[in-house]
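See structure below.
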Amino acid sequence: MITKSINLLCIVLAVLITSCSKNSVGNTFESNETYKNIEFKMAKVNEPSIPNNTVNIKDFGATNGGYVLNTKAFADAIAAVSKKGGGKVIIPPGIWLTGPIILKNNIELHAETGALIKFSTNKDLYPIIETSFEGLNTWRCISPIYGKNVENVAFTGKGVWDGSGEVWRMVKKSKVTESQWKKLIATGGVLNDKKESWYPSEQYVKGNQNADQNVRPDLKTKEEFEAIRDFLRPVMVSIQNSKRVLFDGPVFQNSPAWCIHPLMVEDLIVRNVTIRNPWFSQNGDGLDVESCKNVIIENSSFDVGDDAICIKSGKDKDGRIRAVPCENIVIRNNIVYHGHGGVTVGSEMSGGVKNMHVSNCTFMGTDVGLRFKSTRGRGGIVENIFISDIFMIDIPSQAISFDLYYGGKSIAETLAEGGNKISTKMVPVNDQTPQFKNISIKNITINGAYQAVFLQGLPEMNLENIQISNLTAKAEKGFSIIDANGIKISNVKLDIQDTTVFDIYNGKNMSFKNIEFNSTSTKAVVINGAACENIELVSSANLDYSKKTNIGNTVPKGAIKL
């Protein structure tokens, strides 16, 4: 009997030891709320499983203070736990200067409260590698944090990761104060002829020539790229072709280009993080999720120089050849303080985007709130997008924007040039034609915007089946709807300064129900375009469409149903 008891105890201890040899990193609260009310089938995202081995970078000679390079200490600490199958690398309070950190399997980098990891400004430490940037296959300097073909990687703790982006980026004089400008040019660098833009070096200026949105597609060999290495600023965190990646807790800031770029990652969790860049930082995106599957982005804050939360899948031919969509994405409970877009899809979406849920997010002063963008030549299908409970305030341009004529400029630059132009040009539909369809947007509050909603498809490929409901907006302008099919607007309350609430061009199979707006508007709807057909206007309490609808001469007879 005693022997049997001892054997049973040994079995129990063996099970406990085995179960404790690895642990899932992060919190477990997500299982209760994260997947609630998701409109598509969404498997639970797997968290990294990290062995219970722990080291401290100080044990490998790391020196606090920000003046001694600790690249070897980081590498040795990672190697030490890696030899044991993986584990946690603790970064204690202090200022830790380092060059690039190369990730390995089963590694948790835990930056404790008070830890500041500052990446070196010495660009010689960042050799160029073959990679992807802005959706194209190209050469760039290696990222300060880099991992490829890794599994079970986590960034935890409350410390700060700083990419020293100020030495990599160009700066426009108009975007900084006079004292900041004087301090910047005192560091060296090069001014353009008009002395309105600062560049880090002559090599950067050379690289910037003939660039297509920061990529040089005209260059082919490594030697050609080496000649402009200073121009090839990297994203701060690059993790590619990997599985089970977690960001939980830290601050990521001041990136050379995009801040965090997961590319072709399966099972990605980003939660409780703070991502920030200077508001003027060139390509200072927050989080660019590209061609990833099974993604959670929640309970995080963004204050950045470009789009905040970006969903992508490659650009043009390179993206179509890769043919890996971004799919199964949940974006919840986030706040964006500044950015070109709060949540953005595109413009690099040539592999497609599908099954995305966005809810309970707040955008404060972002250039655009919900931003969808693409252009001819991209290809790709964006579909099955579900957005709800979004709160926006002080949006200087369009609160909700679909722009299929995106030309690489910010929305402010586009509006300054006269806004988006209506085009009647039809081109053949092929694999280069982008398509946006089956999108639901509901429970939206907009307190201050230049325009509430802008929807512009292509003449040859209309926006299709977009439903907007339960929207309250205070804005200068109402709705512009161009080249769209199957738009359904319902339960909308508008406080609009413009005399026209809905401006429609080439709209088909559309319905407007239960619309309320301030009585100063003299025209509820202006309709134009020979492609208009089957538009249903259902009168609301304060709206008589028969008196407030202007139908252009080009609209076919019988296209409008009152």
P234 and P256 have their tightest heavy-atom pair at O-CB, 3.2 Å
TODO: Applying side chain to side chain donor-acceptor pair (under 3.5 Å), run through H340 and D306 and close with a yes or a no.
DONE: CA-CA 5 Å; H340 288 180; D306 209 309; 3.2 Å; yes
Exactly one of D303, T366, T362 clears side chain to side chain contact (heavy atoms under 4.5 Å, CB included) with Y337, and that residue is D303
Checklist entry - M461 versus L404: any side-chain heavy-atom pair under 4.5 Å? => result no
Practice item. Starting from the C-alpha separation in whole Å, work towards a yes-or-no answer on side-chain contact (heavy atoms from CB on, under 4.5 Å) for F363 and L370. Key: CA-CA 9 Å; F363 308 141; L370 299 167; 3.9 Å; yes
For this session: Could you tell me how the ring of F252 sits relative to the ring of F247: parallel (under 30°), tilted (30 to 60°) or perpendicular (over 60°)?
Result: perpendicular
Requested in this report: I would like to know whether S401 and Q451 meet side chain to side chain donor-acceptor pair (under 3.5 Å); could you show each step before the answer?
Outcome: CA-CA 9 Å; S401 175; Q451 183 168 30; over 6 Å; no
For this session: Please step through side chain to side chain donor-acceptor pair (under 3.5 Å) for the pair N360 and N333, ending with a clear verdict.
Result: CA-CA 5 Å; N360 197 34; N333 306 330; 2.6 Å; yes
I would like to know whether T34 and V45 meet side-chain contact (heavy atoms from CB on, under 4.5 Å); could you show each step before the answer? CA-CA 10 Å; T34 298; V45 179; over 6 Å; no
Non-hydrogen side-chain atoms of V427 and Q432 separated by less than 4.5 Å: no
Across all chains, not counting sequence neighbours, the side chain to side chain donor-acceptor pair (under 3.5 Å) partners of E39 are H357
Heavy-atom side-chain contact between F40 and E327 under 4.5 Å:
no
Taking the inter-plane angle between the rings of W258 and F133 on a 0 to 90° scale, is it parallel (under 30°), tilted (30 to 60°) or perpendicular (over 60°)? tilted
Correct closest heavy-atom pair for N277 and C259 would be ND2-CB, 4.1 Å
Separation between CG (N328) and SG (C292), nearest 0.5 Å, reads 11.5 Å
Shortest non-hydrogen pair, G529 vs Y505, comes out as CA-CE1, 3.9 Å
| task | Indicate whether the side chain of S238 and that of Q240 have a donor and an acceptor atom separated by less than 3.5 Å. | result | yes
Interatomic distance, OG@S242 vs CG@N149, rounded to 0.5 Å, equals 6.0 Å
Before you tell me yes or no, could you show the steps for I481 and F512 under side-chain contact (heavy atoms from CB on, under 4.5 Å), namely the whole-Å CA-CA distance, both residues' side-chain angles and the distance that decides it to 0.1 Å?
CA-CA 12 Å; I481 304 174; F512 299 80; 4.1 Å; yes
- Query: Taking the side chain as C-beta and beyond, is there a heavy-atom pair between K312 and H261 under 4.5 Å?
  - Reply: no
Separation between CD1 (I468) and CD1 (I444), nearest 0.5 Å, reads 8.5 Å
What one should report as the nearest heavy-atom pair of R378 and K315 is NH1-CE, 3.6 Å
Ring-plane angle category for F502 and F479, please: parallel below 30°, perpendicular beyond 60°, tilted otherwise.
tilted
Is the shortest heavy-atom distance from the side chain of F372 to the side chain of I385 under 4.5 Å? yes
Evaluate side-chain contact (heavy atoms from CB on, under 4.5 Å) for L287 paired with V304, printing each intermediate quantity in order. CA-CA 10 Å; L287 171 65; V304 296; over 6 Å; no
Taking C-beta and beyond as the side chain, do I145 and F155 meet within less than 4.5 Å on heavy atoms?
yes
Should the pair K437-E464 be classified as a salt bridge under the 4.0 Å nitrogen-to-oxygen rule? no
Is it true that E151 and R244 make a salt bridge, defined as a side-chain N closer than 4.0 Å to a carboxylate O?
-> yes
Show, in sequence, the C-alpha distance, side-chain angles and deciding distance for T433 and E460, and conclude whether the side chain to side chain donor-acceptor pair (under 3.5 Å) test is met. CA-CA 9 Å; T433 306; E460 69 275 10; 5.3 Å; no
Worksheet item: Does K373 come within less than 4.0 Å of D307, counting only side-chain N to carboxylate O?
Response: yes
Side-chain donor/acceptor pairs under 3.5 Å, residues 486-494, sequence neighbours excluded:
from: N491; atom 1: OD1; to: N514; atom 2: ND2; distance (Å): 2.6
from: N491; atom 1: ND2; to: N470; atom 2: OD1; distance (Å): 3.3

| task | Would you tell me whether R233 and N214 have side-chain atoms, one donor and one acceptor, within less than 3.5 Å of each other? | result | yes
E108 side chain reached by L246 side chain, heavy atoms, under 4.5 Å: no
So CD1 of I239 and CE of M264: to nearest 0.5 Å the spacing works out to 13.5 Å
Problem - Atom CE of M364: over 12 foreign heavy atoms under 6.0 Å - result: no
Residues at least two apart in sequence or cross-chain that pass side chain to side chain donor-acceptor pair (under 3.5 Å) with D394, listed by chain then number, are none
d(D498 CG, Y450 OH) to nearest 0.5 Å is 8.0 Å
Residues R320 and G379: closest non-hydrogen pair is NH1-N, 4.3 Å
Rounded to the nearest 0.5 angstrom, the CD-CD1 distance for E47 and I296 is 10.0 Å
Closest non-hydrogen atoms of S291 and G314, given as atom of the first, atom of the second and distance, are OG-N, 4.4 Å
ask   = Are P51 and N106 side-chain neighbours, meaning at least one heavy-atom pair lies under 4.5 Å?
value = yes
Test side chain to side chain donor-acceptor pair (under 3.5 Å), reference R271, set D248, N299, N334, output is D248
